[in-house]
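Have a look at the structure below, then the notes.
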Amino acid sequence: MEHVDETPVIELRHVDKHYGDLHVLRDINLKIARGEVLVVIGPSGSGKSTMCRTINRLETIDSGEVLIEGKPLPSEGRELAAMRAELGMVFQQFNLFAHKTILENVTMGPIEVLHMKREEAEARAMELLARVGVAEQANKLPAQLSGGQQQRVAIARSLAMNPKAMMFDEPTSALDPEMINEVLDVMVELARGGMTMVVVTHEMNFARRVSDRVVFMADGQIVEQGAPDEFFDHPKTKRAQDFLNSIKGH
Ligand SMILES: Nc1ncnc2c1ncn2[C@@H]1O[C@H](COP(=O)(O)OP(=O)(O)O)[C@@H](O)[C@H]1O
Ligand SMILES: [Mg+2]
């Protein structure tokens with residue numbers, strides 16, 4: 001029998017956050033299990049990005065706790081940097097280093113943070129670039145690649161750090177429509193490979209097909225959550241029903 005590890009990879013307990021008067025996260029409680037693919041959806045401004053950013057402390061919180069594999073996130077210093085490196089993050093904007101080649105973009109973290117030998121880092125980078133389908137582009141600069149290719153490089157760069165989980169914040173929102181699927185396909189493969197993933201997305205087909213659970217946020221709260229078919233076919237709250245109706249046909 002397989003060993004069952006019940007400690008969530010990521011856990012938020014009673015997380016609250018304000019931006020001035022704006023109560024942007026309200027008592028967020030969430031556990032993400034190993035290998036789970038969690039999709040977060042909700043209207044613009046509901047706090048999805050802020051929640052993602054609190055998970056690796058790109059944002060501080062007012063109260064509550066964020067735990068990674070059961071351990072509280074340190075608030076600063078080398079320990080925080082080490083833990084941050086364990087969570088991959090892919091944003092809407094690709095954020096590749098413009099003056100470094102694709103290969104250098106992927107090997108930098110492993111060499112500088114993980115102290116991996118250059119040859120080893122390059123071999124691993126080439127493996128990952130092949131996995132996301134851009135190995136032939138290794139010696140080019142980011143600007144020479146399409147948006148879809150750059151986003152796949154950004155995913156490879158995160159994977160090169162051997163993260164415990166990957167977070168995606170609207171990774172396809174800035175892409176031309178014909179490039180969306182090539183990025184989603186990489187994410188589908190990752191999910192199938194057992195990666196623990198938090199994905200903020202408006203791609204409802206992806207959410208339904210790939211996620212284990214959908215979390216619906218509105219006004220800084222988790223309003224509803226459930227298995228994808230249950231959530232999409234039978235949303236329980238009016239907020240979720242209205243949201244799903246508003247995006248139908250898009
Ligand atoms: N750095 C910030 N300072 C002040 N308000 C912010 C900041 N970042 C986000 N907000 C506000 O917090 C709310 C939630 O934003 P965000 O987490 O980006 O929502 P979402 O990702 O769901 O669209 C919005 O009203 C947004 O304007
Ligand atoms: Mg956002």
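Both counts, for ligands and for their atoms, begin at 1 and track the order of listing.
At least one heavy atom of Ser44 sits closer than 4.0 Å to an atom of ligand 1. The closest approach between Cys52 and ligand 1 stays at or above 4.0 Å for every heavy atom of the residue.
Nearest protein heavy-atom neighbour of atom 9 (C) of ligand 1: Tyr19 CE1, 3.5 Å. The protein heavy atom nearest to atom 18 (O) of ligand 1 is Ser49 CB, 3.7 Å. The shortest contact between atom 22 (O) of ligand 1 and any protein heavy atom is with Lys48 NZ, 2.8 Å.
Counting heavy atoms from C-beta outward, Lys17 and Thr60 have side chains that approach closer than 4.5 Å. Proximity of Gln151 to Thr172: side-chain heavy atoms (C-beta onward) are nowhere separated by under 4.5 Å.
Considering each of Leu25, Thr54, Thr50, the one bringing a non-hydrogen atom nearest atom 16 (P) of ligand 1 is Thr50.
An N or O contact shorter than 3.5 Å is missing between Glu59 and ligand 1 by distance. The distance criterion of under 3.5 Å between nitrogen or oxygen atoms is met by Gly45 with respect to ligand 1. Distances between N or O atoms of Gly47 and those of ligand 1 include at least one value under 3.5 Å.
Ile41 and Met204 make their closest contact through CG2-CE, 3.9 Å (heavy atoms, listed as atom of the first residue, atom of the second, distance). In this structure, Ser146 and Met179 approach most closely via the heavy-atom pair CB-CE, 3.6 Å. Nearest heavy-atom pair, Ile68 versus Leu73, reported as atom, atom and distance to 0.1 Å: CG1-CD2, 4.0 Å.
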Trace of the side-chain contact (heavy atoms from CB on, under 4.5 Å) decision for Leu30 with Leu38: CA-CA 10 Å; Leu30 193 61; Leu38 182 83; 3.9 Å; yes
Candidate pair Asn162 and Arg124, rule side-chain contact (heavy atoms from CB on, under 4.5 Å), full reasoning: CA-CA 11 Å; Asn162 297 320; Arg124 169 105 172 108; 2.9 Å; yes
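Among the candidates Glu11, Glu69, Glu6, the single residue satisfying the salt bridge (Lys or Arg N to Asp or Glu O under 4.0 Å) test with Arg34 is Glu69.
Short contacts between ligand 1 and Pro43, defined as distances under 4.0 Å to a heavy atom of the residue, involve ligand atoms 22 (O). For ligand 1, the atoms closer than 4.0 angstrom to any heavy atom of Val24 are 12 (O), 13 (C), 14 (C). Set against the non-hydrogen atoms of Ser46, the atoms of ligand 1 under 4.0 Å away are 19 (O), 20 (P), 22 (O).
Around the Mg ion (ligand 2), the protein atoms of type N, O or S that sit closer than 2.8 Å are Ser49 OG.
Using a cutoff of 4.0 Å between basic side-chain nitrogens and carboxylate oxygens, Asp233 and Arg208 are scored as salt-bridged. Ion pairing of Glu224 with Arg239 is absent here, as no side-chain N (NZ or NE/NH1/NH2) approaches a carboxylate O to less than 4.0 Å.
The closest side-chain donor-acceptor pair between Asp219 and His23, if any, does not fall under 3.5 angstrom.
Of the possible donor and acceptor atoms, none in the side chain of Lys236 sits under 3.5 Å from a partner among the backbone N and O of Gln225.
Sorted by first and then second residue, the salt bridge (charged side-chain N to carboxylate O under 4.0 Å, His left out) pairs involving residues 106-120 (not counting sequence neighbours) are Arg118-Glu122.
Contacts between Leu22 and ligand 1, counted as non-hydrogen atom pairs separated by less than 4.0 Å, involve the side chain only.
Distance screen at 4.0 Å: atom 26 (C) of ligand 1 has no protein heavy-atom neighbour inside the cut-off.
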